Amino acid sequence: MASSMELQNTVKEALNVLYHHPDDSIRTQADRWLQDFQRTIDAWQVADNLLHDTSSNLETLVFCSQTLRSKVQRDFEELPSEAFRPLRDSLNTLLKKLHNGPSIVRTQISVAVAALAVHVSAEDWGGGGIVYWVRDEMKSHPEFIPSFLELMTVLPQEAFSHKIAARPERRRQFEKELISSVGVALDILTACSSLNELKEQVLEAFASWLRLRHGLPSSTLACHPLVLMALSSFKTEFLSEASVNVISELIHYTASGSSGDVSAQMPLIQLLVPQVMSLKEQLKDSLKDEEDLKAIARLFADMGDSYVELIATGSAESMMIVQALLDVASHPDYLIASMSFNFWHNLQVKLTERDSYILYNTEAAIEAERNRRLQIFRASYESLVSLVSFRVQYPQDYRDLSREELRDFKQTRYAVGDVLTDAASVLGGEAALKILYMKLLEAVGSSTTIETWEWRPAEAALYCMRAISSYVPLVEAEVMPQVMNLLPKLPLHPQLLQTVCLTIGAYSKWLDASPSGFSNLPSVIDILMSGMSVSEDSAASAALAFKNICNDCRRKLCGSLDGLFHIFHRAVTGEGGYKFSAEESLYLVEALSMVITELPPDHAKRALEMLCLPVVAPLQEMVNQGPGHLEKVMARELTIHIERLGNIFRYVNHSEAVADAIQRLWPLLKVIFDHRAWDMRTMEALCRACRYAVKTSGKFMGITIGAILEEIQGLYQHHHQPCFLYLSSEVIKIFGSDASCADYLRNLIEALFSHTTHLLRTIQDFTARPDVADDCFLLASRCIRYCPHLFVPSVVFPPLVDCAIIGMTIQHREACNSILTFLSEVLDLGNSTRGEQYKSTRDSVMIPRGATLTRVLIACLTGALPGSRLEVVADTLLALTRAFGPKAIEWVSESILLIPSTALTDIERSAFLQAVSAAASGADVSVLTVPAEELSDVCRRNRAVQEIVQGALRPHELNISPVSS
């Protein structure tokens, strides 16, 4: 074993290689070695020695301080209990030694001391805990006060850090210790504030302590010297960042509710609001520093967000804050203006939602108060519409924007669109529309000739009108008819045309409902045809708008099918020269399909045949060229036509017509199934098309469904395509309860599940085929819901449960959720009247497997699955306890006892078992939530503990003996 000195030298050499070696691969090796070293027990002593070594360079100091901080946070349990004091003393020495050293290193040491305090109780720390200890150290060593101030800043932050591998109970205790020490902490900071050079640092520490949101009443803070010191910065030329942070935290403090209701907070609110309001005029100062302007805007936004309930009452004082936030919204810098957007949304919610008026007893009183408030804020939201709408205008140099700048511009447009919908909620769609229409008229009227036409303001106005389309009443008869008459007169500039098309699509419901809508349809469709031909972006928007028009105006368009078919034919054959992608052409398929849905059955059948013709023809042509050609074509050449066919089956809502079409086309589709079964993309498209046909046709599928099932049942044995299982799920949903289908569905179920259980024998098999696992257990859940009489008594049911237990720890999220949901549904089988008959079968299968299932579930809770999967695992455990009561509690107890006491204490074990017992007795589901989270937290607190727990539970060593059904 290498000596400490040898390891120190190796660390320094590895760091030198990491930062200075020219070869990337060698640097990667050094990085890997250093990461592995950080996990060793030797890292404690080596990092500590190198930090105390005066010859260590900056790279070494940074690495070792990060190592020591990480070790204290995650691996403190590695050390014997007597190591605490030497470690604390060493960190204290380093904090003093580095008081003039690199700030990055000093911060790491401060975080390490704070993390140590989280692990060690105030009693064991001594002297009343860490805050008192810091006070005494400052008194004894005033020359090191800046270092201890940094420690005072990070200390409250670590109370909420989950990087620290502390038990939940200890974490809660530490927070209580800090809250009880708030008075002492603020006394320390107040004493330090007398030194002018430390004021910024003191205020940053103060802001950090305020984030605890507990400890001092509002009346005490209102006259506290630290608060007054922060406010004094407002009277100077340059705002102190630390002062702004303090005032921001104080605003949040008054709104947190942890120190009493609003009346209890009024002393502090009445102090803060006038002081922040005094900054209002500086917002308009063009010479003001940009960072100061952002700080001022942030404080107004904090006030607005924190006091929105008070502001929503519409008092004269609150309207001053609203006006200040309008000033923020009007600022030329978008980053500053957008700070107010969240407030306008929150205020809109308070003004419009019923919950805000819960104190008013009658409907009449609620309506009266709501109207009063809406009237008060009407002018503010009208101003807001005008203030933000110009921000969506394309910049003059939009063609030169980088990809990142273009993305930011789009995000700006989305954000402004959200603000406009908030305004429309308060004003009503008609009022907002009128404001925007005036802007459109200004834009159109500002140019006298087509040569001098400036398209950008008109496009911006239309973009905004589109954003509020869902708030404009369908009966609106003043503005929209004029807009629709104006659109055909606008030039065909690509960006403008794209927005025109999207606006038409957004107002498709209005076109259907309006008396003048029908007369507008020809000109509207002409615009969309132009859009399809001008640019890729305008073509995509036109195709989407065409779909919306056909969907919402389908009754009006039934008489125009010939014209629509002409457009469709030109689009899918490529004759039209339209510039949308193959995916976007699906909008046109959907559009025509929805119009056909409105036809009488006989007409619909003929129209469906016409719709299928140009889609099926290319497929038939490829099939006609023989198997050799069909097997060689690119998947995309097939899937584009199959996807169009699938959309027809999905959106033509005529069951018999679709059933007739799929029966007629089945020979063609079967050839593709037979010769492309190896091709996942083609099979997915084909199964999706068949699924839509099954969903739309239902029981009208007749003999075709048997042919489809026979096909996929045979192909699945050789090609294992997950989509075959997915298609079978839809069939089970539609035909599961149909007695006439029982025989072939039983055969299907047994064939598919038998083959899948042979495919998925180990967790490695699941990991290699997550899609098969996902679709298999989705199908199994469908079988429980729709044909338990075929599935539960079958010979494949017990092996499938075994298979599910093997696969529970799969990391693939969807597959894991499908498996756990299936197990929950199996366990819940006896809960319903319909399921009672399967209870004995369930018990005969699940009870012999209960102990193993429980052990794997506990392993999943404690680290075998990611923490994000906790809820679905807890639900399965809950289903187990509800199904088997005392027996399940016994299984849980046996599993929990496998975890060594070094990882889980008897108290923690007992708390979880009590929650499981309560859940088994029928207590609310939530009774298991927090205990499951705490068990998970304790058992995952660091890598070593997690390895101990998983080593004890051994989730992959199942030892399941096959059980005969």
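Because the structure is predicted, anything quoted here is derived from the model rather than measured.
- Considering only heavy atoms from C-beta on, S593 comes within 4.5 Å of L611 through its side chain.
- Atom-to-atom distance recorded for Y507:OH and L511:CG is 11.0 Å, nearest 0.5 angstrom.
- The two residues L561 and A607 come nearest to each other via the heavy atoms CD1-CB, 4.4 Å.
- Separation of atoms CD (E382) and NZ (K434) is listed at 10.5 Å; rounding is to 0.5 Å.
- Rounded to the nearest 0.5 angstrom, L325 CG and M320 CE are separated by 12.5 Å.
- Note on E442 versus K439: no salt bridge recorded, every NZ/NE/NH1/NH2 to OD/OE distance being 4.0 Å or above.
- Counted by atom type alone, R456 and Q396 present one or more donor-acceptor pairs between their side chains at under 3.5 Å.
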side-chain hydrogen bond (donor to acceptor under 3.5 Å, both in side chains) between N245 and E204, worked out: CA-CA 7 Å; N245 290 340; E204 284 296 356; 3.0 Å; yes
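- Under the 3.5 Å distance criterion, the side-chain polar atoms of N371 are matched with a main-chain donor or acceptor of E367.
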Trace of the side-chain hydrogen bond (donor to acceptor under 3.5 Å, both in side chains) decision for S538 with S535: CA-CA 5 Å; S538 69; S535 71; 3.0 Å; yes
Worked verdict on R650 versus T696 for side-chain hydrogen bond (donor to acceptor under 3.5 Å, both in side chains): CA-CA 6 Å; R650 182 181 185 182; T696 302; over 6 Å; no
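- Proximity of a side-chain donor or acceptor of S530 to a complementary backbone N or O of D526 within less than 3.5 Å is detected.
- Other residues, nucleotides and ligands contribute only 12 or fewer heavy atoms inside 6.0 Å of the OH atom of Y414.
- Rounding to the nearest 0.5 Å gives a distance of 8.5 Å between CD of E476 and OG of S514.
- The neighbour count for E536 CD, taken as heavy atoms of other residues, nucleotides or ligands under 6.0 Å away, does not exceed 12.
- Residues A337 and H331 share a closest heavy-atom pair of CB-O, 3.7 Å.
- At least one donor-acceptor pair under 3.5 Å links the side chain of R554 to the backbone N or O of N551.
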Can you give me every donor-acceptor pair (side chain of residues 460-473, partner residue at least two apart or in another chain, under 3.5 Å) with its distance?
from, atom 1, to, atom 2, distance (Å)
Y463, OH, R413, O, 3.2
S469, OG, R466, O, 3.0

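- Panel note: side chain N485, backbone P481; a donor-acceptor pair is recorded below 3.5 Å.
- Side-chain atoms of F234 and V276, non-hydrogen and from C-beta on, do get closer than 4.5 Å to each other.
- Y357 and Y360 have tilted rings, their planes meeting at an angle from 30° to 60° on a 0 to 90° scale.
- Heavy-atom minimum distance, A591 versus K547: CB-CA, 3.7 Å.
- Interatomic distance, CE of M610 versus CD1 of I596, reported as 8.5 Å (0.5 Å rounding).
- Within a 6.0 Å sphere centred on CE of M266, heavy atoms belonging to other residues, nucleotides or ligands number more than 12.
- Y394 has its ring centre less than 6.0 Å from the ring centre of F409.
- The list of salt bridge (charged side-chain N to carboxylate O under 4.0 Å, His left out) pairs with a residue in residues 496-525, not counting sequence neighbours, reads K509-D552, D512-K556.
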T254/Y307 under side-chain hydrogen bond (donor to acceptor under 3.5 Å, both in side chains): CA gap, chis, key distance, verdict: CA-CA 9 Å; T254 60; Y307 306 144; 2.8 Å; yes
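- Looking only at atom types and distance, the side chain of S585 has a donor-acceptor partner in the side chain of R644 under 3.5 Å away.
- Contact record, L326 with S380: CD2-O, 3.6 Å, taken as the closest heavy-atom pair.
- Residues Q495 and E459 come closest through the heavy atom pair O-CG, 4.0 Å.
- Taking all atoms of both residues into account, the shortest heavy-atom contact from F377 to A312 is CE1-O, 3.7 Å.
- Panel note: side chain Y578, backbone R570; no donor-acceptor pair is recorded below 3.5 Å.
- Within the structure, salt bridge (charged side-chain N to carboxylate O under 4.0 Å, His left out) pairs that include any residue of residues 574-588 comprise E583-R636 (at least two apart or interchain).
- Atom CZ of F518 is surrounded by 12 or fewer heavy atoms from other residues, nucleotides or ligands within 6.0 Å.
- Taking NE2 of H566 as the reference point, atom CE of M529 lies at 10.0 Å (rounded to 0.5 Å).
- Judged by distance alone, with hydrogens and angles left aside, the side-chain atoms of D397 form no donor-acceptor pair with the main-chain N or O of D400 at under 3.5 Å.
- Annotation: E405, atom CD; neighbour count of heavy atoms from other residues, nucleotides and ligands within 6.0 Å is above 12.
- Put simply, the side chain of S248 never gets that close to the backbone of V244: no donor and acceptor are under 3.5 Å apart.
- Around atom CD of Q275, more than 12 heavy atoms belonging to other residues, nucleotides or ligands sit under 6.0 Å away.
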